[in-house]
Amino acid sequence: MLFPSMEIETTRLEKAVVVKVAGRMDAGSAPEFEKACEDCLRGGAERLVVDLSALDYISSAGLRSFLLVAKSLQEKGGKMLLCGMRGLVKEVFDMTRISSLFASYEGPESALADL
Amino acid sequence: MGALAGKLAATILPVLLFLFLLRALDSFKLLTLGRTLLAIGAGCLAAAASYLVNSAFFSALGPAADQWARFGAPPVEEALKAAYVVWLVRARRVGFMVDAAIAGFSVGAGFALIENLTYVRQLAGSPLIWALRGFGTAMMHGGTTAIFGMLSSSRAERANASGWRTFAPGSLAAIAIHTVYNLGVAPPLVSAVAALAGLPPLMGWIFLRGEDSLRKWLGDRLDKDMDLLRLISGGEFAGTNAGKYLRSLQASFRPEIVADMLCYVQLSTELSVAAKGDLLMREAGFPTPPDPQLPSKLQELRYLERSIGPAGRLAINPLLPAGARVGWEIDRLSSGLRRAGP
């Protein structure tokens, strides 16, 4: 494999589930992110804090996954918060204006404090 | 009065219901309600014009009027219905088979509405006849113009052109279907059932394929657009083939024009990315937020277009990532801005 695959780590906290994604979220790995989030939703989570500080790349497939998960959460009355957006990933979210749909924070702590 | 209302409902409701279904199937909400209504209005005008043309021929031909109804009326009516769709495709107001299909079907629905209004006053008839007009003739009018729109839009995109060749296959298909319908080779009930059973599934199939290809285009192009912007903002663009091509234009254009060309490529790509983000959000069912910077970006784009001039724009066309759809994307953003108001 040319690029390191994406790694996902979920931490269930009292207020929310923190989903930390690292590496590259592309057409091949985006479904993993969707599945991990759907598992959290099935497990009763209504708030997801997605930590993007270690995500190096995101393609349109990744953006689509974010939107699908956010829509599922919204339909259940929950919400998705993003934190740690930087560099290229931040640029992609800002350029497509998809960032305007999400509350964005420096890190998971500040996102959790706002819940 | 009640019977008249019943006749009208039987003739126009099926086609309006199918139009509503098409709009509901469009995950990307490509055609706004305003533009759908405009297309219906264009269809009404086309019907009024074809009524005048057909009436003149019917009077002039006398006993041979039947032949005009079979062979003359279909090309005239299809040409008049097609006129608005041709303008939409040429002006990049539709960008995909999906919105072209909805626009075309809307034109046909408007045409059928006026045509049936005319007949409802002139002809008596049982409810069956009027149901046939609704299910058969009206669906045929909507279907033929939708097929014309889909084929023309698809060809305009593939060939990046909008000359007569772009519209010829769609015109021929629409005229052929219409002529066969008018020939009355089958009894009216069979023709109506054939139109109802054949056209909607055919259109639905093409429509769903169009949505799939739009989804694929959206993903592929968005990634390419982002790559291009990364190269430009990272200062690596000059080393690419596209950058070398742009530099080669210095032989034909003044340096400040070449600089404006690079700005144009960057800005139109940024707008293209924003339009694709808009589509992604719509697909997921989110409302698209207004962009406060959009008016100034569009203003700057117009300035750059004037600065570069037509020859310059032609020269940098290969560098524009969305190709023929840049115009459509910018129109889409602009119309969103108009809807949002000042």
Side-chain angles (χ1 to χ4, degrees), chain A residues 2-3 6 23-35 37-38 41 48 50 52 55-82 85-104, chain B residues 27-29 211-236 265-295 297-298 321-322 329 332-333 336-337 340:
Chain A
L2 284 171
F3 300 108
M6 187 176 68
R24 295 172 61 87
M25 193 185 293
D26 52 23
S29 57
E32 287 174 42
F33 170 73
E34 252 177 89
K35 188 181 173 305
C37 293
E38 277 164 14
L41 265 64
L48 294 185
V50 186
L52 303 169
L55 189 68
D56 299 320
Y57 173 90
I58 185 164
S59 74
S60 57
L63 289 176
R64 192 172 262 138
S65 294
F66 267 90
L67 289 168
L68 291 176
V69 174
K71 191 68 189 171
S72 299
L73 269 165
Q74 195 190 56
E75 281 163 1
K76 291 179 179 172
K79 65 175 174 177
M80 178 188 270
L81 290 78
L82 306 182
M85 267 206 283
R86 62 184 177 84
L88 176 69
V89 173
K90 182 169 171 20
E91 223 174 89
V92 172
F93 270 90
D94 287 344
M95 285 278 192
T96 52
R97 302 195 305 123
I98 289 173
S99 54
S100 62
L101 296 177
F102 302 97
S104 179
Chain B
S27 329
F28 296 93
K29 302 290 168 265
E211 276 234 326
D212 281 347
S213 91
L214 195 164
R215 204 164 275 124
K216 189 174 178 311
W217 172 85
L218 183 58
D220 290 350
R221 296 306 328 189
L222 180 56
D223 293 339
K224 285 187 175 125
D225 288 355
M226 291 304 307
D227 286 345
L228 179 64
L229 285 178
R230 273 194 288 276
L231 289 170
I232 294 174
S233 61
E236 296 166 51
V265 171
Q266 180 170 0
L267 187 57
S268 59
T269 310
E270 280 177 19
L271 290 169
S272 178
V273 166
K276 290 184 183 83
D278 179 292
L279 281 178
L280 278 178
M281 286 188 268
R282 279 173 184 269
E283 184 194 13
F286 286 104
T288 49
D291 178 3
Q293 292 181 328
L294 187 59
K297 283 182 182 172
L298 290 172
E329 289 173 326
R332 188 176 171 79
L333 288 172
L337 194 66

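Source: prediction; values computed, not measured. Numbered from 1 within each chain, the chains take letters A, B, ... in sequence-line order.
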Is atom NZ of B:Lys29 surrounded by more than 12 heavy atoms (other residues, nucleotides or ligands) closer than 6.0 Å?
-> yes

Contact part of B:Leu279 toward chain A, heavy-atom cut-off under 4.5 Å: side chain, backbone, both or neither?
-> neither

Just how far is it from atom CD of A:Glu91 to atom CG of B:Leu229, taken to the nearest 0.5 Å?
-> 7.5 Å

What part of A:Phe66 is in contact with chain B, defined as an atom under 4.5 angstrom from a non-hydrogen atom: side chain, backbone, both or neither?
-> neither

Taking atom OG of A:Ser60 and atom NZ of B:Lys224, what is their separation to the nearest 0.5 Å?
-> 10.5 Å

Relative to chain B, which segment of A:Leu88 carries a heavy atom at a distance below 4.5 Å: side chain, backbone, both, or neither?
-> side chain

For the residue pair B:Phe286 and A:Lys71, what are the closest heavy atoms and their distance?
-> CZ-N, 3.6 Å

State, to 0.1 Å, how close B:Ala284 and A:Leu67 come at their nearest heavy-atom pair, and which atoms those are.
-> CB-CB, 3.6 Å

Proximal component of A:Ala27, with respect to chain B [non-hydrogen, under 4.5 Å] = neither

Could you walk me through whether B:Glu283 and A:Arg64 pass salt bridge (Lys or Arg N to Asp or Glu O under 4.0 Å), step by step?
-> CA-CA 9 Å; B:Glu283 184 194 13; A:Arg64 192 172 262 138; 3.0 Å; yes

Which distance, rounded to the nearest 0.5 Å, do you find between the CE of B:Met226 and the CG of A:Leu63?
-> 8.5 Å

Under 4.5 Å from a heavy atom of chain B, the part of A:Ser59 involved = both

Contact winner vs chain B - A:Val92, A:Thr96, A:Ile98, heavy-atom pairs under 4.5 Å = A:Thr96

Do you know which of B:Leu280, B:Asp291, B:Val273 makes side-chain contact (heavy atoms from CB on, under 4.5 Å) with A:Arg97?
-> B:Asp291

